[in-house]
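Okay, so here's the structure we're looking at.
On a predicted model such as this, the values are computed, not experimentally measured, just so you know.
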Amino acid sequence: MAHDPKLNVYTIQLKASNNSPYNNNRWLFRHKINQANTTPLTEGFIMAEIFAKVIQQLDAPEMYADDVNKKCMTANQPNINDNNVNPNIILHSEQKIIEGKIEGGTYGRKRNKTSTINKAEKSRVQERDAITEDFYFLLYTPFNSSKSVLMIQSFTDDTIDSVMKKFWQNFFSFPTDFNHPKIERYIPNSIINDIKNNSTISSLSFTTEVLGQTLLEDPIIQEDHEFVVKVEIKPLRNELTVEEYTGIIDRIIHKVQRFLPQNAFNRRTGTLRDRATDRNSQFEIGTDFDIHPTIYLSKHIELTGQESDFDRIRDFCFRLLEEIKTEIYPQHAVQER
């Protein structure tokens, strides 16, 4: 589906400078709220101050924009001091989580807006006008760790990942003490195992670049003539199961190498097809299915296209976070210098 909701998970790895005695979120946050030399400070106080700073930066009159990728976002956050409202972005102080809905979209193109009921009703969408919708995000920031987890919901045809990562890259830095962090995509083990256990191998591809002299076995051919040789293998009828692939891949590699005995095929890729979603994931042949599949939310939760979808996305993200914690956080880890 063109507008199928999906989820990307990222880790944010702090980069403390030589000036910083600690490389963890607690020390960064104390700097962010100008309380680095004040003691004692409770974690609840620090988290509340960080939340207020996040909202202050996101709920500005202008949208937070990435002019390179032409993406923007804003909080549209109600007054956080008003206890009678249900805010779009929520602080879970004890869990060190900030999560909720954020408005974002694309700008940078002049377009026309035309009514489907009456095509004569037209208006102009200017370059600084953004076409926006709501997206869900979750940020987990354990105080005694240098690593945070960021989840961003998007769609197959629209995403705000670039501007969201830009915002947190700036937020998780501080002059003299913390450089811009490293943000990397992370695939939870449960997602990888689900793909591996419910997929078939639909194709195998071996590719290399070969000099003309080698390919044609002709020394007269000049060395600047180079060719791409690609061998593609596809099952004609039934696709290979993972077990079948594991049992025969070594023999396939041996046979393929006979096409060019003097050259190794330097790019070897396979395609896993998820039988539940009919989506493909690429992997490198010779590894233990080192795949980076997209998390299509329709596979894991019921989606109706209504506002209640965000509640189910939120619940799924909280469950997934508990799995991720066991994978990337050593118990009682404190990263100090």
Asp67/Lys166 salt bridge by N-O under 4.0 Å criterion:
no
Could you check if a side-chain atom of [X] sits within less than 4.5 angstrom of a side-chain atom of [Y], using non-hydrogen atoms only?
X      : Y      : answer
Lys15  : His180 : no
Lys299 : Ile195 : yes
Lys182 : Gln169 : no
Ile253 : Val256 : no

Side-chain donor or acceptor of [X] paired with backbone N/O of [Y] under 3.5 Å:
X      : Y      : result
Ser173 : Asn170 : yes
Thr294 : Tyr296 : no
Thr246 : Val242 : yes

CA sep, side-chain torsions, deciding dist, call: His92, Phe318, ring pair (Phe, Tyr, Trp, His ring centres under 6.0 Å):
CA-CA 12 Å; His92 303 263; Phe318 270 80; 5.4 Å; yes
Under 6.0 Å between ring centres, would you say that holds for [X] and [Y]?
X      : Y      : result
Phe167 : Tyr64  : yes
Phe283 : Tyr245 : yes
Phe172 : Phe178 : no
His292 : Tyr186 : no

What I want to check is whether the side chains of [X] and [Y] have a donor and an acceptor closer together than 3.5 Å.
X      : Y      : value
Glu232 : Ser203 : no
Asn266 : Thr207 : no
Lys119 : Thr114 : no
Thr132 : Glu103 : yes
Ser146 : Gln13  : yes
Asn24  : Asn144 : no
Thr156 : Lys6   : no

Could you give the distance from [atom1] ([X]) to [atom2] ([Y]), rounded to the nearest 0.5 Å?
X      : Y      : atom1 : atom2 : answer
Ser17  : Asp177 : OG    : CG    : 5.0 Å
Ile233 : Ser202 : CD1   : OG    : 12.5 Å
Thr241 : Ile201 : OG1   : CD1   : 7.0 Å

Establish whether Ile295 and Phe310 are linked, either directly or via other cluster members, by ILVMFWY side-chain heavy-atom contacts under 4.5 Å.
yes
Output every pair passing salt bridge (charged side-chain N to carboxylate O under 4.0 Å, His left out) with a member in residues 300-325, not counting sequence neighbours, ordered by first then second residue.
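Sorted pair list: Glu99-Arg314, Lys101-Glu307, Asp309-Arg312, Glu322-Lys325.
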Any chance you could lay out the side chain to side chain contact (heavy atoms under 4.5 Å, CB included) test for Lys147 and Leu14, step after step, and finish with the verdict?
CA-CA 6 Å; Lys147 184 174 290 185; Leu14 294 182; over 6 Å; no
Could you tell me which residues satisfy side chain to side chain donor-acceptor pair (under 3.5 Å) with Gln95, sequence neighbours excluded, listed by chain and number?
none
Plane angle bin for Trp168 and Phe137 - parallel if under 30°, tilted between 30 and 60°, otherwise perpendicular
tilted
